[in-house]
Amino acid sequence: GGFNGEPIVVTEYDSLNQTAGAAEKLKAAIADGARIIIQSTNSAITAQISEDVRKYNLRNKGKEILFMMEGSEAAEFTADKCQFWAFKTASNPFIRIKALVSAMKDTGKLGSKVYSINQNYSYGVDHEKAQALYVKEAGAQIVGSTLHDTAKIQDFSPYVAQIKASGADTILSGNWGNDIILFMRALGDAGLKVNVGNTSLDTTGALSAMGPSALGAVLVKLYNLEAGGKAGETFAEDFKAVIGHYPYNEEPTTAFGTLLLGEALKKVSQPGGKVDIKAVALARVNEVVARTAHETLSGARGNF
């Protein structure tokens with residue numbers, strides 16, 4: 001329906017999954033008049049855009065742009081690389097791995113010897129740290145750990161051989177895309193019978209590409225089609241009606257992040273006026289602060 005009587009223009013830019021490409025496409029988007037940037041690819045791309053947005057806004061007072069991270073999960077975006085103009089609606093490896101390890105322990109799938117294998121960049125390093133932390137808390141042991149190049153390994157059999165030699169009965173991995181597909185295939189080809197816990201088994205086309213190798217593996221996600229009661233059912237059916245399938249992978253996080261943006265826009269809407277990016281950012285900050293205060297007070301009341 002547009003905003004303040006004007007249509008909302010959505011333009012897509014392809015960074016080719018490269019930081020240099022992201023920097024150039026961001027410049028193009030700003031030149032084309034974009035005021036809100038929404039992005040949902042890997043954390044290295046997100047870091048580039050976030051820093052470029054921060055620098056641009058410092059140099060262009062009154063012409064600021066807003067950056068929404070709706071899929072990238074590196075923990076640094078809400079820690080040392082947090083900035084006012086960027087909003088993150090995805091989780092991070094510490095949240096996901098804590099839940100994954102807990103569920104695997106409760107269902108007897110954690111084992112006692114765990115091997116950690118992840119991609120060698122900020123997101124993968126976070127996974128390695130989170131896996132070490134929560135495996136130890138669960139009373140199990142990390143018997144080996146590997147960080148490998150992202151999207152460059154075509155043959156994971158040497159890594160599978162290392163895992164087999166370690167005596168691990170469980171593997172935890174934050175790998176996504178082709179890396180998790182090829183890794184799971186290599187496990188299947190080697191006939192190595194171990195428990196696997198991962199965060200991206202539902203990447204588009206991944207399960208069908210893995211075939212039987214994926215059977216028995218455990219996936220942890222922020223969203224569950226079967227949760228949320230009537231409101232969750234309504235959202236899932238609405239999503240399917242528009243997109244053509246039920247929400248999965250990072251799609252729900254992206255949808256919820258964009259809905260939150262819509263709520264912020266409503267709160268600062270001025271009939272006939274232009275979008276005030278700073279007001280939108282403050283509306284989102286205030287919503288987070290209010291929600292946090294409510295939860296804190298609710299928890300305090302529960303403790304009395």
Side-chain angles (χ1 to χ4, degrees), residues 73 91 93-119 123-124 126-128 130-148 150-151 153-227 236 245-253:
E73 296 204 352
S91 65
F94 292 91
I95 293 171
R96 290 232 237 162
I97 295 301
K98 184 176 183 178
L100 179 64
V101 170
S102 175
M104 291 182 76
K105 181 179 180 180
D106 289 347
T107 55
K109 284 203 165 191
L110 183 61
S112 60
K113 296 180 180 181
V114 179
Y115 197 98
S116 170
I117 180 167
N118 300 285
Q119 295 150 321
Y123 176 66
D126 281 350
H127 263 283
E128 185 179 61
Q131 290 158 15
L133 174 64
Y134 295 117
V135 164
K136 183 178 180 180
E137 284 189 4
Q141 176 188 5
I142 296 285
V143 294
S145 184
T146 294
L147 289 171
H148 62 78
T150 305
I153 309 298
Q154 297 302 311
D155 180 12
F156 276 89
S157 59
Y159 297 99
V160 172
Q162 290 177 28
I163 294 168
K164 184 176 181 179
S166 74
D169 46 32
T170 302
I171 298 169
L172 294 180
S173 177
N175 283 9
W176 50 269
N178 215 37
D179 283 342
I180 190 59
I181 292 171
L182 294 178
F183 176 68
M184 294 298 288
R185 281 183 179 174
L187 280 178
D189 291 343
L192 189 59
K193 301 300 181 183
V194 290
N195 296 316
V196 178
N198 177 255
T199 51
S200 296
L201 291 168
D202 65 339
T203 302
T204 305
L207 286 175
S208 57
M210 292 174 201
S213 300
L215 289 173
V218 182
L219 171 70
V220 61
K221 301 297 287 189
L222 287 179
Y223 179 78
N224 187 331
L225 272 173
E226 298 165 349
H245 60 257
Y246 286 118
Y248 66 99
N249 195 240
E250 265 56 67
E251 290 174 342
T253 326

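Note: hydrogens, waters and symmetry copies are ignored here, and every other heavy atom, side chains too, is used.
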Gap separating the NE2 atom of H148 from the CD atom of Q119, nearest 0.5 angstrom: 5.5 Å
Minimum-distance pair of heavy atoms, taken over all atoms of Y115 and S166: CD1-OG, 3.6 Å
Least distance between heavy atoms, L207 atom then A214 atom: CD2-CB, 3.9 Å
Side chain proximity check, N175 to S200, heavy atoms < 4.5 angstrom: no
Side-chain heavy-atom pair Y248, L225 within 4.5 angstrom cut-off: no
Min side-chain heavy-atom separation I153-Y159 under 4.5 Å: yes
For the student: nearest non-hydrogen atoms of A168 and V114, plus distance: CB-C, 4.3 Å
Atom of I142, atom of S116 and distance for their closest heavy-atom approach: CD1-CB, 4.4 Å
Point-to-point distance, once rounded to the nearest 0.5 Å, from CG of L110 to CG of L100: 8.5 Å
Reported CD1-to-CZ distance for the pair I117 and F156, which is rounded to 0.5 angstrom: 6.0 Å
Spatial distance of atom CD (E251) from atom OH (Y223) [nearest 0.5 Å]: 10.5 Å
Minimum-distance pair of heavy atoms, taken over all atoms of S208 and G205: OG-O, 3.0 Å
Derivation of the side-chain contact (heavy atoms from CB on, under 4.5 Å) call for T199 and H127: CA-CA 10 Å; T199 51; H127 263 283; 3.6 Å; yes
Test item: N198 and W176 side chains (from C-beta on) under 4.5 Å apart, heavy atoms: no
Donor-acceptor contacts, no H, no angles, side chain residues 188-196, under 3.5 Å, sequence neighbours left out:
| residue | atom | partner | partner atom | Å |
| --- | --- | --- | --- | --- |
| N195 | ND2 | K109 | O | 3.0 |

D169 (side chain) donor-acceptor with K113 (main chain) under 3.5 angstrom: yes
Exercise: do S102 and Y134 side chains pair donor with acceptor under 3.5 Å: no
Main-chain N/O of L222 paired to R96 side chain as donor or acceptor, under 3.5 Å: no
Sub-4.5 Å side-chain heavy-atom contact between L187 and I171: yes
Separation of S157 OG from R185 CZ (nearest 0.5 Å): 13.5 Å
Stepwise side-chain contact (heavy atoms from CB on, under 4.5 Å) check, N118 with Y123: CA-CA 9 Å; N118 300 285; Y123 176 66; over 6 Å; no
Residues that E128 engages under salt bridge (Lys or Arg N to Asp or Glu O under 4.0 Å), provided they are two or more places apart: none
Pairwise side-chain contact, E73 with D126, heavy-atom cut-off 4.5 Å (strictly under): no
Of all pairs that satisfy salt bridge (charged side-chain N to carboxylate O under 4.0 Å, His left out), the ones with a partner from residues 197-214, not counting sequence neighbours: D202-K221
From E137 atom CD to K105 atom NZ, the distance as rounded to the nearest 0.5 Å: 9.5 Å
